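Structure, as structure tokens:
Predicted model, so just to flag it, every value in this text is computed and none were measured.
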Amino acid sequence: MLRRPKSGGAADRGHLEMTKEYNIRLWVLYGILLLCLALFVGILYEAQAVNGADYYEQSASRIPTSETVEASRGVITDRNGKVLVSNRQVYTITFDSSELPEGANPNEAILRLIHLCEDYGITWEDNLPISAESPYSYTTDATTDSLRSRFGSFLTSCGWIDGELTEESPYPVLNAATMEKEGLSDGNVSAYRLLEMMRDYFAIDPDLSMAEARKIIGVRYELAVRTLVNTTAYVFASDVPVELISILTDGNYAGVVVGTSSIRQYNTDRAAHILGYIGAIGPDEYDALIAEGYSGDDLVGKDGVEQAFESYLRGTDGKRVITTDENGKITGELYTKQPIPGGTVTLSIDIDLQAAVEDALAAAVTAMNEEDGLTTRGGAAVVVGVGTGEVLAMASYPTYDLASFSSNYNEYAADPANPLWNRSTNGLYAPGSTLKPLTAIAALEEGVTTISERLYDTGRWIYPGTGMGPACWRRSGHGWVNVTSAVANSCNYYFAEMGYRLGMDTLREYLSAFGLGESSGIEIGDAAGRLPENPPGEDQAPWAAFGQSNQLYTPLQLANYIATLAAGGDYYQPHLLKTVRSYDNSEILYSATNTAPTRTINLDPENLSAVLEGMLDYTQPGGQIYTYFRDCVVTAGAKTGTAQLGGDSENNGVFVCFAPYEDPEIAVSVVIEKGGSGAALASTAVEILNAYFSDSEIGAAIIPEDTLLP
């Protein structure tokens, strides 16, 4: 039989005490929860009722947006640290169709912005290849490849033409479907008629005049072209004054985004063909550059150093988050990724020497033009370091001003003297007698003659078995000549014989070894030139040996060939890049420290001395050009050349030299189109040598490395 415990015992009393303690804890917990709730309600009340208006105003002034921060392009300096190209920060106006409010008319927004810019005299970007004013006509021609490509892509996207515009057919021809739709019987549509089609395409108000419509069409065209490369914005205007920026910010201009950018600042008006320029990404390069991280509105190098060293000069864009108020005013900013400017590119050129070379060349060409009235004559001059391959100066005349390149492009392009053409790297000229030292060294090295062998120049060399051959420039002949006197007297008879003995194949081998007839590999690109060759059944070697026949070389190739000869056969690839450093000079990204030649032509020292001595005699008392070289501050070896053009045309003048004779430092070439005898260029070469070897140059203080000079 089970027995129940008696109530009121010790167990009951313990249970009651535990229950009481539990209830106290529960009430304490309730109290804490009530306190938290009261505190939360108080904070909520304070935030919404008491300070709600203030907090709302603060939140409205902190609208965050993320944007790309453009990195500055790298600085370009000469070998001494003098800044040639830098940057200047400017305000920009970008029109972005994606920023337009829903339902907004883009044409009205564009016209409002245009009128504001007109009031302030601000020009905007308009590359539609139809003139901006009546009578409207096409401005696309064979020289504007990029504009023509964009125009053709736009017209094709509209379905109006089939295929792209070409250099041979730069103007649009409508396809059959468009002709039928427009009621036209001829596909060769006029510029005015095409404007009318574009006016309808962009739904521009018919009440507007054609002049106003043309302005809107230009902007809509720019936007449409960018749509083809997957972007909705384009830089409408740059270098905008701050007062206009204030009006745009306060005036709520739809679709307008105000920003900052850097534009190229040219600290010199020299070396335009070397430095080059930048421009918008073209349709033909868009895919490749986008894959490399560019945006559709970036500017890239288009020519010269700007293009060749794009990878060094281009910076890395940054990112920042900005906060704005409801009126678009910036209230704060935070960089999430700092932009990194491009590297500092140091070139091998000396800008002071470059200026002297350009001035000497310009003076010579101008004097010749004034004498005979020719307006299309041009020329080039190149200075190359012996034993380094460094291009110290490289001038082409006529030239142009990079600072006004964009605004004056059409004028430059239409100039029959072609100032945009870099004659120093792309001009092809027969070398004339400047080739004779090379032929001489080839003949000696191949053993077809010796230093002591003498030939008797009768005034005309006769090709065996024909009774015919080239005449010597001295019709009475030079009498007995050896290799040294043949070079000094520029004896055609002697070198025709050497060419005959060598044969064309062997001669071509030596021409190639000295870098002639092939691209030099210079970073900004150049023409390859052309080696001589025999027509079927003919032997042109005797004529090719003294610089005639069908061979063509650039002034850069001629200067580098002389540098190779003066260096004893060491061939160095000519180059413009000296060093590249990070923007803060903390890191060397590239340095042209390799002093080893690209290749070496093994030359017997006695043979070389015999040839160079002939070039020295050319400039010394009794030599043909001593009159010019008696005022030269150093002893030099030289050779003139007259490149025959045939017919009644004046011959091109060619000149090469090296100095000092005892220990060569530089080699120089000068070419002037229709410049007559190469001797006429000797004074120009002496000016260049004196500029390089002047007392001020020799005694100049050594400039510390990494120093940027104004």
Side-chain angles (χ1 to χ4, degrees), residues 73-79 84-85 145-146 264 266 268-279 282 285 289 299-314 342-351 353-355 357-358 361 378-385 388-402 405 409 412 418-429 515-529 553-561 563 572-580 589-592 598 667 669 671:
R73 196 168 176 82
V75 172
I76 303 173
T77 78
D78 83 339
R79 65 186 298 111
L84 308 179
V85 185
D145 295 337
S146 179
R264 285 315 237 175
Y266 297 100
T268 178
D269 58 358
R270 308 291 186 166
H273 294 99
I274 296 175
L275 296 174
Y277 52 89
I278 61 175
E285 57 189 348
L289 291 179
L299 299 177
V300 297
K302 291 291 187 177
D303 189 45
V305 165
E306 291 278 21
Q307 182 182 47
F309 306 136
E310 170 70 21
S311 60
Y312 290 126
L313 292 167
R314 181 199 178 203
T344 298
V345 170
T346 298
L347 303 180
S348 60
I349 68 169
D350 180 326
I351 196 60
L353 178 64
Q354 177 74 24
V357 173
E358 289 188 13
L361 180 64
V382 180
V383 183
V384 176
T388 66
E390 290 184 333
V391 176
L392 304 176
M394 188 162 59
S396 179
Y397 185 85
T399 185
Y400 60 96
D401 185 3
L402 280 170
F405 173 76
Y409 175 80
Y412 290 139
N418 203 354
L420 299 178
W421 182 35
N422 187 354
R423 288 169 164 86
S424 58
T425 57
N426 293 309
L428 294 175
Y429 306 95
L516 298 175
E518 63 183 32
S519 174
S520 70
I522 192 167
E523 300 95 334
I524 61 175
D526 63 346
Y553 310 121
T554 69
L556 174 61
Q557 289 175 343
L558 293 175
N560 208 43
Y561 132 58
Y572 291 82
Q573 179 175 306
H575 61 273
L576 285 163
L577 186 59
K578 192 169 181 66
T579 61
V580 182
L589 305 177
Y590 173 85
S591 179
T598 306
S669 71
V671 177

[Y] side chain reached by [X] side chain, heavy atoms, under 4.5 Å:
| X | Y | result |
| --- | --- | --- |
| Val391 | Asn560 | no |
| Ile351 | Arg270 | yes |
| Tyr429 | Arg423 | yes |
| Tyr412 | Asp401 | yes |
| Thr388 | His575 | no |
| Thr399 | His273 | yes |
| Val580 | Phe309 | no |
| Arg79 | Leu347 | no |

Per side-chain contact (heavy atoms from CB on, under 4.5 Å), Thr268 is matched among Leu84, Asp78, Ile76 by Leu84
As an exercise, state the distance from [atom1] of [X] to [atom2] of [Y], rounded to the nearest 0.5 Å.
| X | Y | atom1 | atom2 | result |
| --- | --- | --- | --- | --- |
| Phe405 | Arg264 | CZ | CZ | 15.0 Å |
| Asp303 | Leu275 | CG | CG | 10.0 Å |
| Gln557 | Ser424 | CD | OG | 11.5 Å |
| Ser519 | Gln573 | OG | CD | 8.0 Å |

Identify the two heavy atoms, one from [X] and one from [Y], that lie closest to each other, and give their separation to 0.1 Å.
| X | Y | value |
| --- | --- | --- |
| Pro555 | Val671 | CG-CG2, 3.9 Å |
| Leu577 | Ala592 | O-CB, 3.7 Å |
| Gly276 | Tyr266 | O-OH, 4.2 Å |
| Leu361 | Ala381 | CD2-N, 4.0 Å |
| Ala395 | Val357 | CB-CG1, 3.7 Å |
| Ala559 | Ala667 | O-CB, 3.5 Å |

Are Ile349 and Glu390 close enough, and set up right, to give a side chain to side chain contact (heavy atoms under 4.5 Å, CB included), and what steps lead you there? CA-CA 8 Å; Ile349 68 169; Glu390 290 184 333; over 6 Å; no
How far apart are the C-alpha atoms of Val345 and Thr77, what are their side-chain angles, what is the distance that settles it, and do they pass the side chain to side chain contact (heavy atoms under 4.5 Å, CB included) test? CA-CA 6 Å; Val345 170; Thr77 78; over 6 Å; no
When you look at Val300 and Glu285, which way does the side chain to side chain contact (heavy atoms under 4.5 Å, CB included) test go after all the steps? CA-CA 10 Å; Val300 297; Glu285 57 189 348; 4.1 Å; yes
Side-chain donor/acceptor of Arg73 to backbone N/O of Ile278, under 3.5 Å: no
Under 4.0 Å between a side-chain nitrogen and a carboxylate oxygen: does that hold for Lys302 and Glu310? no
Any donor-acceptor N or O pair under 3.5 Å, side chains Ser520, Asp526: yes
Any donor-acceptor N or O pair under 3.5 Å, side chains Ser591, Thr579: no
Test log, rule side chain to side chain donor-acceptor pair (under 3.5 Å), inputs Thr425 and Thr554: CA-CA 6 Å; Thr425 57; Thr554 69; over 6 Å; no
Before you tell me yes or no, could you show the steps for Ile274 and Leu576 under side chain to side chain contact (heavy atoms under 4.5 Å, CB included), namely the whole-Å CA-CA distance, both residues' side-chain angles and the distance that decides it to 0.1 Å? CA-CA 9 Å; Ile274 296 175; Leu576 285 163; 4.0 Å; yes
